[in-house]
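Note that the structure is predicted; figures quoted are calculated from it, not measured.
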Amino acid sequence: MQASVKNESAHRVASATIQRAQDAANLRDSKPATSKAHPVPDRRGANLYVTDGQMESLLKLYLPEDLFLHLLPHFTRMGELAGGRLDDLAGIADKNPPALEHRTRSGENIQRIIKHPAYEEMERVAYGEFGLQAMSHREDMLGWKGKLPPIVKYALTYLFVQAEFGLCCPLSMTDSLTRTLKKFGRPELLEKYLPQLLSLDWDEQAQGAMFMTEQAAGSDISNTATMAYPNADGSWRLVGDKWFCSNPDAEFAMVLARVDGDPEGMKGISLFLLPRYLDDGGTNRYRIIRLKEKLGTRSMASGEITLEGAKAYLVGERGRGFVQMADMVNNSRLSNGVRSAGMMRRAVAEAEYVAHARVAFGKRLEDMPLMRRQLDKLRVPAEQARTMVFQTAQVLARADAGDQEAYALLRILTPMIKFRACRDARKVTGDAMEVRGGCGYIEEWSDPRLVRDAHLGSIWEGTSNIVALDVIRAIRREGSLPVLQKYLSGLLSDASLSPAYEKALRESLSRASALAEKVVEQGLDQLARQTATALYCCTTAIAMAWEASKTGSKARMRLSQLVVVNRLLPRDPLGDEGIIPAAWF
């Protein structure tokens, strides 16, 4: 009874907040397109949750009602921050990147990375107020008793990243490092270090990182040259260079190294936990050589590191380092897909706003046929990615609960979203920038930062070729294709679709599956990207149709149909594009 009253009260408060924001948005958008309207539309200050026409209906679909009502104020709060204060801070931090200080003013050789106060304020929101790094590992987050499902973390991240992308990397690595340590770490390591990783207290909490890449060991981890030597107390000392280390001053890092005397290749590589500070308070024996000057994610530090006998602790089974770190990598890959989905949503929302408010030749841009077509081309991949976020997060919860079939499904969904969403984000952010015109090219607006940041997703945690081949690997090693087919068939059976459209979806899935089987059987790796794209489009089209059926959204059903028409069916390059057959409605 008390819980019911509490939920109803929270719902009323959140609904009132949302209604006020929606009224303001409606008032703004209802202004007539006259010469008196300002010719340069500015969406600054919009609540990115409230003004998102799809987000709430999807959250209601994927979350239990009581949990959704409890979290509604938090989603609203994050949307408000992302469209206002966080967006301002992100712009400031982007223009004021971190700096590496090698010595103190008194001459001590103590390194530190100096972050701009704008970045630190964003950290306090993400790590402190929302606890995104600890949400999957605690049972008392955001006032909810019990473990929150992964969808909650990813939905909040989806909103946060629409303002700030760079900080999401340390958040993801801290989350993933904690997950890997809990899964493979010895009890004494957990007892000693886990409380710092799970703390929400700004003065106590620790951040995580992943030091894996070397000059000769990027995608090919078997070339790892960093060496590990045993210490008398059971710990290890690490010697070598790591070439690309994001969040390099994190309190903890997972590091791959080759144990002295162990075999060459993957079998000789082990996983280690590297603390930044030793038990006596001193700094561990590794140096940050320099920080990278990057195209995007300028707010967050990435650097090169030299390990000079640094003290570390073996995590999991010796010689199985990459297998164990793969869990951390896959979690980071999913996070990359979420971030790309969020950035696409921000880019599309900005383009839609400009197209609605901007007047040219006596018409709103959105009323012009070619612009309507271009906006659809932005919406489709953005909404595909959002659907994939929700679907994959749901499967992750089942896999973590021990469902082996869900694990096989997760193994193919994760590289699919990493591959396709991250590639799509590069084009969507660029094309959305074009809708704003010349202003979109100016760094005072969010568009250039989105374009720069979007290019990282398809490089980080595996390039496009690597993750496309991982889709094939999941089919070959995990038997993921039949599991995916069964899952998608279940969604189709649960959806209310026209017979003609259901037939088109089933036939598309059959053709994509046949291609995947051929690639696996004949070793046609050159078709891996084509196969991954086909399976991604089938998955998203079917899942979007299911969502539309459950929520009653005609707009979402149309987007699903556009995926099939433009991405899965044969097309005449000189014919009409994007015409949906009448029988599908």
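- Using modelled atom types, one side-chain atom of N284 and one backbone atom of P275 make a donor-acceptor pair closer than 3.5 Å.
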### Message
Set out, in order, the CA-CA distance, both residues' side-chain angles and the distance that settles side-chain contact (heavy atoms from CB on, under 4.5 Å) for L156 and M135, then state yes or no.
### Response
CA-CA 11 Å; L156 289 167; M135 189 168 287; 3.7 Å; yes
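- Contact detail for P248 and A301: the closest heavy-atom pair is CD-O, 3.3 Å.
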### Query
Does the pair F390 and L59 meet the rule for a side-chain contact (heavy atoms from CB on, under 4.5 Å), with working shown?
CA-CA 9 Å; F390 282 113; L59 286 169; 3.7 Å; yes
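- Between the side chains of N109 and R103, at least one donor N or O sits under 3.5 Å from an acceptor N or O.
- Between the side chain of D241 and the backbone N or O of E214, no donor-acceptor pair lies under 3.5 Å.
- Contact record, L365 with V435: CD1-O, 4.5 Å, taken as the closest heavy-atom pair.
- Between the side chains of Q391 and Y62, a donor-acceptor pair is found at a separation under 3.5 Å.
- Using modelled atom types, no side-chain atom of Q111 and backbone atom of H102 make a donor-acceptor pair closer than 3.5 Å.
- Note on D175 versus K153: salt bridge recorded, some NZ/NE/NH1/NH2 to OD/OE distance being below 4.0 Å.
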### Steps toward salt bridge (charged side-chain N to carboxylate O under 4.0 Å, His left out) verdict (R345, D52)
CA-CA 9 Å; R345 168 59 201 166; D52 187 335; 3.4 Å; yes
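- The cationic atom of R339 (NZ for Lys, CZ for Arg) lies less than 6.0 Å from the six-membered ring centre of F165 and within 45° of the ring axis.
- Distance alone, capped at 3.5 Å, is enough to place a donor-acceptor pair between the T174 side chain and the P170 backbone.
- Of all non-hydrogen atoms in A93 and A118, the two that sit nearest each other are N-CB, 4.1 Å.
- Remark: K60 NZ to L69 CG distance equals 8.0 Å, nearest 0.5 Å.
- No hydrogens or angles considered: a donor-acceptor pair under 3.5 Å links the side chains of T51 and R43.
- Annotation: cation-pi pair R333/W460 absent, no NZ/CZ under 6.0 Å from the ring centroid and within 45° of its normal.
- Looking at R364, its side chain never comes within 3.5 Å of a backbone N or O of V354 through a donor-acceptor pair.
- The backbone N or O of Q162 sits less than 3.5 Å from a side-chain atom of R346, completing a donor-acceptor pair.
- Looking at E352 and R379, a side-chain N of the basic residue comes within less than 4.0 Å of a carboxylate O on the acidic one, giving a salt bridge.
- More than 12 heavy atoms of other residues, nucleotides or ligands sit less than 6.0 Å from atom NZ of K294.
- D42 has its side chain within reach of W445: a pair of non-hydrogen atoms, C-beta onward, lies under 4.5 Å apart.
- Between Y286 and F211, the angle of the ring planes goes over 60°, which puts this pair in the perpendicular group of the 30/60° scheme.
- Taking K183 as the reference, D327 meet the salt bridge (Lys or Arg N to Asp or Glu O under 4.0 Å) condition, with sequence neighbours excluded.
- Between E121 and R124 there is no salt bridge, since none of the side-chain N atoms of the basic residue sits less than 4.0 Å from a carboxylate O of the acidic one.
- Every residue two or more places apart in sequence or in another chain was checked for a salt bridge (Lys or Arg N to Asp or Glu O under 4.0 Å) with R426, and none qualifies.
- Of all heavy-atom pairs between P98 and L291, the closest is O-CD1, 3.8 Å.
- Among residues two or more places apart in sequence or in another chain, the side chain to side chain contact (heavy atoms under 4.5 Å, CB included) test is passed with R112 by E101, I114.
- Applying the salt bridge (Lys or Arg N to Asp or Glu O under 4.0 Å) test to D94 and every residue at least two apart in sequence or in another chain returns R452.
- The distance from the CD atom of Q394 to the CG atom of L63 is 9.5 Å, given to the nearest 0.5 Å.
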### Task
Go through R556 and E383 one step at a time and tell me if the salt bridge (charged side-chain N to carboxylate O under 4.0 Å, His left out) criterion holds.
CA-CA 8 Å; R556 200 155 198 80; E383 293 304 321; 2.8 Å; yes
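- In this structure, the side chain of R372 engages the main chain of D367 through a donor-acceptor pair within 3.5 Å.
- Note: L295 CG to D453 CG = 8.0 Å, rounded to the nearest 0.5 Å.
- Residue pairs meeting the salt bridge (Lys or Arg N to Asp or Glu O under 4.0 Å) criterion with at least one member in residues 125-138, sequence neighbours excluded, are R77-E129, R138-D140.
- Judged by distance alone, with hydrogens and angles left aside, the side-chain atoms of K242 form no donor-acceptor pair with the main-chain N or O of C245 at under 3.5 Å.
- Formation of a donor-acceptor pair under 3.5 Å by the H70 side chain with backbone atoms of L142 is found in this model.
- Note on E120 versus K115: no salt bridge recorded, every NZ/NE/NH1/NH2 to OD/OE distance being 4.0 Å or above.
- For the pair E164 (side chain) and F160 (backbone), a donor-acceptor distance under 3.5 Å is absent.
- No hydrogens or angles considered: nothing links the side chains of S553 and T551 as a donor-acceptor pair under 3.5 Å.
- To the nearest 0.5 Å, atom OH of residue Y536 and atom CD1 of residue I417 are 6.0 Å apart.
- Between C422 and S458 the shortest heavy-atom distance is CB-N, 3.7 Å.
- Between R44 and D88 there is a salt bridge, since at least one side-chain N of the basic residue sits less than 4.0 Å from a carboxylate O of the acidic one.
- A donor-acceptor contact under 3.5 angstrom links the side chains of S246 and S302, judged on distance only.
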#### Entry: From CA spacing to verdict: side-chain contact (heavy atoms from CB on, under 4.5 Å), W144, E139
CA-CA 7 Å; W144 184 259; E139 297 190 359; over 6 Å; no
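- Under the 4.0 Å criterion applied to side-chain N and carboxylate O atoms, K147 and D400 are not assigned as salt-bridge partners.
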### Task
Using the side-chain contact (heavy atoms from CB on, under 4.5 Å) rule, take E80 and T76 through it: C-alpha gap first, then chi angles, then the decisive distance, then the call.
CA-CA 6 Å; E80 178 186 7; T76 307; 5.7 Å; no
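- Look at R436 and E350 and you find a salt bridge, because one of the NZ, NE, NH1 or NH2 atoms lies within 4.0 Å of a carboxylate O, short of that distance.
- Side chain to side chain, E547 and Q54 fail the donor-acceptor criterion of an N or O pair below 3.5 Å.
- Between S199 and Q205, the side chains place no donor N or O within less than 3.5 Å of an acceptor N or O (distance only, hydrogens not considered).
- Using a cut-off of 4.0 Å between Lys/Arg side-chain N and Asp/Glu carboxylate O, K292 and E304 are scored as salt-bridged.
- Residues that satisfy the ring-ring contact (aromatic ring centres under 6.0 Å, His included) test with F244, not counting sequence neighbours, are absent from this structure.
- Going from atom CG of L58 over to atom OG1 of T387 covers 6.5 Å, rounded to the nearest 0.5 Å.
- A heavy-atom distance below 4.5 Å is not found between the side chains of M173 and Q133.
- Between V315 and the options L274, L271, L177, a side chain to side chain contact (heavy atoms under 4.5 Å, CB included) holds for only L271.
- Using a 4.0 Å cut-off between charged nitrogen and carboxylate oxygen, K377 and D431 do not count as a salt-bridge pair.
- Looking at every heavy atom in both residues, P448 comes nearest to I442 through CG-O, 3.4 Å.
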